[in-house]
Amino acid sequence: MDMSKVLDTIDTGILTFDREYKVRYWNGWMTSHSCFGPNEIIGRSLFDFYPNLKNNRFLRNCQSVLTFGNLAFFPFDPYAYLFPMKPTGLFKSEFKQMQQSCTIGPLRDEKNEIVSLYVSVRDMTEAASQQEKLIQLTQLDPLTGAYNRRSLTFFIKEELYRFKRYHRPFSVVMIDIDHFKNINDQHGHLFGDEVLKSVSLSMQNNMRKLNRLARYGGEEFCCILPETDLKGASALAEKFRNLIAGLTFTSKEGPVSITASFGVATVEEDMDSVEAVLKKPDDALYRAKTSGRNKMVIAA
Amino acid sequence: MTILKDANVLFSEEEKSILQEVMNISFGNAVAELAEIIDVLIRLSVPSVTLVSGKDFQRDLANKIEITPPYNSIEQSFSGKLNGYVFMIFPEGSEKKLTALLGDYQEHLDPVEETRLEKGALIEIGNILTGACVGKLVDVLDENVSFTPPRLEMASSPSWQTPLNLIGQESVVISVKTEFKFMAHDINGYFFLITNEESLHWFKKALHTFMEQF
């Protein structure tokens, strides 16, 4: 049987290259998904065509396979891809590049010496799309699109670790929509849901990508602000307060305005747990609520 | 732990001594070349080799691990004439140090991107460690094996059910433990290599072939 015909029609990319990274084989799948045919690429350096591969990680893994004869794996999670290629099929609109799982392995001569390497490339775009959806389901609050409580706990633990180890500060803003029960009672729960969605979206669209907004419960949100001191956090809380006060909703009874209260705190040395981190901004929020609402209180 | 009565039947004292020597040579060779590949001095402790039954395996393992969970664990199988399983334990927090060690650490990263880099660092280092230790072992015994992709669990408390399922209660396995330390980076952890019972006969034969060279 002519194995080259199998390799040329198989639904997986296969290429080989020697110790100098010169391409020795380039199968049909690689030709149809890349911009290059075997006549162009064989005999040339892989890096002439894929300069993105000339990085420490790829070289280190190739060296490991050449030295130990093991396999090096580049799964789509976390590596996304090795060979930039346009995604095809149903999921092409979700990713800029085809998501790939690649494996590098050794090819030996008759003396059992490793003389070259092969790479297999599998299109994992569909699996990546499904994984992305699962992650969203587990991390996000379905109504508001903000992170859920579990994600919030994770982010605080991460920031606490960074604070303890690298002394990187972070701050926390607790947000509570004022009189939300009245909004639900007077205008109905669907209207209340619209308010929650708009408030969440408004805050998400007006903060750095690095910040994390989570729905803490009911009408309460919590925002984690990495690399931010108390001054920066209170400025953002004040910005949020003005944004929310400026939102107008239309109900059957006419236009409805809302306000929110804010508690702000920054991480301190004696905070060792998620609960300890949340207590100060929560206490400050309580003071904002009991001293008139539509205001921001900085933790003492 | 039961050091099997059967072990004396399966492996004579001389064979056990050769087994220990082969592990010493393999892991010693691995260290030298690992340093070249990841440009870091790694110390592996003298491998501790025991023959253990499947039913004692979990207890044996628990006694040998001095890091309290949660920790990062990486599991990987290898197959060929030598079949088995590798698992590694890195303490929680090591993912950040390994990311820095590989030169991938960046400040102010999006947490999703940061986790992606940390996963990548654990998978890569785990795979290279497995490749080095198993690769050098089969190299010394003049054989080749294939590997499955590493399976990573971050910040977990693994039950080690997977290796137990693979081993079986009645099986006898060779368990090799080594502690590794990435010098100057304050990263340490455990590396376990378990070969299954089907490999024992091949292993014995390969050990004798190895000794015939001398």
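First the proteins, then the strands, lettered A, B, ... as listed; each starts at 1.
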Answer yes when A:E159 and A:R212 have at least one side-chain N-carboxylate O distance shorter than 4.0 Å, and no when they do not.
no
For the residue pair A:R149 and A:Y216, would you count it as a cation-pi contact if the rule is NZ or CZ under 6.0 angstrom from the ring centre and within 45 degrees of the ring axis?
yes
Give, as side chain, backbone, both or neither, the part of A:Y161 having an atom under 4.5 angstrom from any heavy atom of chain B.
side chain
Checking heavy atoms, do the side chain of B:K119, its backbone, both or neither come under 4.5 Å from chain A?
both
Ring-plane angle category for A:F163 and A:H167, please: parallel below 30°, perpendicular beyond 60°, tilted otherwise.
perpendicular
Of the backbone (N, CA, C, O) and the side chain (C-beta and beyond), which part of B:N127 lies under 4.5 Å from a heavy atom of chain A, both, or neither?
both
Among A:Q63, A:R60, A:R57, A:R208, who wins on heavy-atom pairs under 4.5 Å with chain B?
A:R60
For A:R162, is there an ion pair with B:E114 - N to carboxylate O distance below 4.0 angstrom?
yes
Picking from A:F58, A:F73, A:F74, what satisfies ring-ring contact (aromatic ring centres under 6.0 Å, His included) with A:Y79?
A:F74
Counting only heavy atoms not in B:D39 (residues, nucleotides, ligands), do more than 12 fall under 6.0 Å from its CG?
no
Distance only, no hydrogens: is a donor on one side chain within 3.5 Å (strictly under) of an acceptor on the other, for A:S151 and A:N148?
yes
Proximal component of A:A80, with respect to chain B [non-hydrogen, under 4.5 Å]
neither
Checking heavy atoms, do the side chain of A:R108, its backbone, both or neither come under 4.5 Å from chain B?
side chain
Determine the option with the most heavy-atom pairs under 4.5 angstrom with chain A, choosing from B:G93, B:G103, B:C133.
B:G93
When the 4.5 angstrom heavy-atom criterion is applied to B:T130 and chain A, the contacting part is neither
Contacting region of B:Q76 [heavy-atom separation from chain A under 4.5 Å]:
side chain
